[in-house]
> 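Provided herewith is a single structure, encoded as structure tokens, for subsequent inquiry.
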Amino acid sequence: MAQRIDGKLISAQIREELKEECKAFVAANGYAPGLAVVIVGEDPASQVYVRNKKKGCEEIGYYSEVHELPASTTQEELNALVDRLNADERIHGILVQLPLPKHLDETEVLLRIRPEKDVDAFHPYNVGKIMIGDYDFLPCTPAGVMALLERSGVEISGKRCVVIGRSNIVGKPMAMLLLHANGTVTVCHSRTKELASVCREADILVVAIGRADFVGADMVKPGAVVIDVGMNRRADGKLTGDVDYNAVEPIASAITPVPGGVGPMTITMLLKNTLTAARKAAEK
């Protein structure tokens, strides 16, 4: 029976630690870390994420702002808001909720956020720092995966690690973080040949492909640690990951469930990045 890696529990532990660290920061500096979240339009999933981010800030003791803009917002209006938040000393982290409406240029907006306030770690400056291993912030989902592995006692050094998915948000930075932790890393994707046999070599398998129940028992080595980053909705409305949990759980040594695995960690890592940004700003 595999160890169930409980993201809710580990996320709650980290948030308790952040609460204490926030209190110490406020005592030392006289103000709280500040996070601004910008949402354009009325995407239901984005609205849920934004509410959870605001709630997380309140829980830990941060100052937070939510800027809800109509779907008709122009590029110039959005750029002007980002510029204003860049200049606002109360704001240490800026997050523009993606996806944006199609008429807006996401790249232009992400480039406009000052790297020291880019708590999503999407700016090319921060991406480059992650590549060389000299970073201030980490993308929230890969950082959450690393925290789950570390706090569950999973040794990465010397292990064969396979990442399925090569997105800029999860797959590529995930591979870099495992590499920095001395894992031997293979990145797989839709064009990978003999995918199942590559996956069966993994001591640690991280799946972020966006296809429900894609990884079955035939793709997992006995005793492997399986991290499921996927979040998909079945026809019956139930959430499921990219891993067929019931098939893989008897084979793996440890596995994350969906929901309740990687998901709760993402916003927690955003809150951690915001505190880091506030500390860096206070040092100047």
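The chain is numbered in sequence order, starting from 1. These figures come from a predicted structure and were not determined experimentally.
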> If every non-hydrogen atom of Asn273 is compared with every non-hydrogen atom of Cys140, which pair is closest and at what distance?
ND2-SG, 4.0 Å
> State whether Lys129 and Asp134 are salt-bridged, where the test is any N-O pair (Lys NZ or Arg NE/NH1/NH2 against Asp/Glu carboxylate O) under 4.0 Å.
yes
> Would you say that Asp242 contacts Asp213 through its side chain, given a criterion of any heavy-atom pair below 4.5 Å between the two side chains?
no
> Could you tell me whether the side chain of Lys117 and the main chain of Ile94 form a donor-acceptor pair under 3.5 Å?
no
> Hey, could you give me the CG/CD1 distance between Leu148 and Ile10, rounded to the nearest 0.5 Å?
5.0 Å
> One thing to verify: whether Glu17 and Arg151 come together as a salt bridge, which I'm taking to mean a side-chain N less than 4.0 angstrom from a carboxylate O.
yes
> What do you reckon, is CZ of Arg191 surrounded by more than 12 foreign heavy atoms closer than 6.0 Å?
no
> Mind checking whether Leu18 and Lys272 have side chains closer than 4.5 Å, heavy atoms only?
yes
> Do Asp244 side-chain atoms and Val215 backbone N/O form a donor-acceptor pair below 3.5 Å?
no
> Are Ile113 and Leu78 grouped together when hydrophobic residues (ILVMFWY) are joined by side-chain heavy atoms under 4.5 angstrom apart?
yes
> Ring pair (Phe, Tyr, Trp, His ring centres under 6.0 Å) with His92: which of Phe137, Tyr63, Tyr31?
Tyr31
> Could you measure the distance from the CZ atom of Arg160 to the NZ atom of Lys221? Nearest 0.5 Å is fine.
8.0 Å
> Count I, L, V, M, F, W, Y as connected when their side-chain heavy atoms are under 4.5 Å apart, and connections chain through other members. Are Leu138 and Ile227 then in the same cluster?
yes
> Please step through side-chain contact (heavy atoms from CB on, under 4.5 Å) for the pair Glu77 and Leu69, ending with a clear verdict.
CA-CA 9 Å; Glu77 288 168 335; Leu69 307 179; over 6 Å; no
> Could you point out which residue of Glu20, Glu59, Glu21, Glu58 forms a salt bridge (charged side-chain N to carboxylate O under 4.0 Å, His left out) with Arg15?
Glu59
> Please determine whether side-chain contact (heavy atoms from CB on, under 4.5 Å) holds for the pair Cys199 and Ile164, giving the CA-CA distance in whole Å, both sets of side-chain angles, and the decisive distance to 0.1 Å.
CA-CA 8 Å; Cys199 292; Ile164 309 181; 3.5 Å; yes
> Between Glu106 (side chain) and Leu100 (backbone), is there a donor-acceptor pair under 3.5 Å?
yes
> Do Gln13 and Leu9 come close enough that some side-chain heavy atom pair is under 4.5 Å?
yes
> Working to the nearest 0.5 Å, report the span between CG of Leu81 and CG of Asn86.
9.5 Å
> With heavy-atom distances below 4.5 Å as the criterion, would you say the side chains of Val170 and Pro139 are in contact?
no
> Which pairs of donor and acceptor atoms, one on a side chain in residues 32-51, lie under 3.5 Å apart (sequence neighbours left out)?
residue : atom : partner : partner atom : Å
Asp43   : OD2  : Ser46   : N            : 2.9
Asp43   : OD2  : Ser46   : OG           : 2.9

> Quick one: CD1 on Ile156 to CG on Leu179, what's the gap to the nearest 0.5 Å?
11.0 Å
> Can you tell if the side chain of Val220 reaches within under 4.5 Å of the side chain of Val226, non-hydrogen atoms only?
yes
> Shortest non-hydrogen contact from Ala247 to Pro250?
O-CD, 3.4 Å
> Evaluate side-chain contact (heavy atoms from CB on, under 4.5 Å) for Met219 paired with Leu195, printing each intermediate quantity in order.
CA-CA 8 Å; Met219 297 175 73; Leu195 178 62; 4.0 Å; yes
> Are Ile267 and Val66 joined in one hydrophobic group, where the rule is that I, L, V, M, F, W and Y side chains link up if heavy atoms are under 4.5 Å apart?
no
> Could you give the distance from CG (Leu149) to CG (Leu177), rounded to the nearest 0.5 Å?
10.5 Å
> Ignoring hydrogens and geometry beyond distance, is a side-chain donor-acceptor pair present between Asp105 and Gln75 at under 3.5 Å?
no
> Please report the shortest heavy-atom distance between Cys188 and Val162, naming the atom on each side.
SG-CG1, 3.8 Å
> Do Arg84 and His67 have side-chain heavy atoms sitting under 4.5 Å apart?
yes
> Between Ile5 and Val207, is there a shared hydrophobic cluster once you connect ILVMFWY residues whose side-chain heavy atoms come closer than 4.5 Å?
no
> Does Lys280 pair with Glu116 as a salt bridge, N-O distance under 4.0 Å?
no
> With no hydrogens and no angle check, do the side chains of Asp136 and Asn126 hold a donor and an acceptor under 3.5 Å apart?
no
> Has the side chain of Asp203 got a donor or acceptor atom that lies under 3.5 Å from a matching backbone atom of Lys159?
no
> May I ask whether Val96 and Phe122 are part of the same hydrophobic cluster, defined by side-chain heavy atoms of I, L, V, M, F, W, Y residues being less than 4.5 angstrom apart, directly or through others?
yes
> Let's go through Tyr245 and Val258 carefully: what are the C-alpha distance in whole Å and the side-chain angles of both, what is the deciding distance for side-chain contact (heavy atoms from CB on, under 4.5 Å) to 0.1 Å, and is it a yes or a no?
CA-CA 8 Å; Tyr245 186 92; Val258 176; over 6 Å; no
> How far apart are the closest heavy atoms of Gly261 and Met265, and which atoms are they?
O-CG, 3.9 Å
> For a side chain to side chain contact (heavy atoms under 4.5 Å, CB included) with Met176, tell me which candidate from Ile130, Val185, Val127 qualifies.
Ile130
> What heavy-atom pair brings His103 and Thr73 nearest, and what distance separates the two atoms?
NE2-O, 2.7 Å
> If I compare all heavy atoms of Ala212 with all of Thr240, which pair ends up nearest, and what's the gap?
CB-CG2, 3.7 Å
> What distance do Arg112 atom CZ and Leu110 atom CG have between them, rounded to the nearest 0.5 Å?
12.5 Å
> Decide yes or no for Asp88 and Glu65: does some side-chain heavy atom of the first lie under 4.5 Å from some side-chain heavy atom of the second?
yes
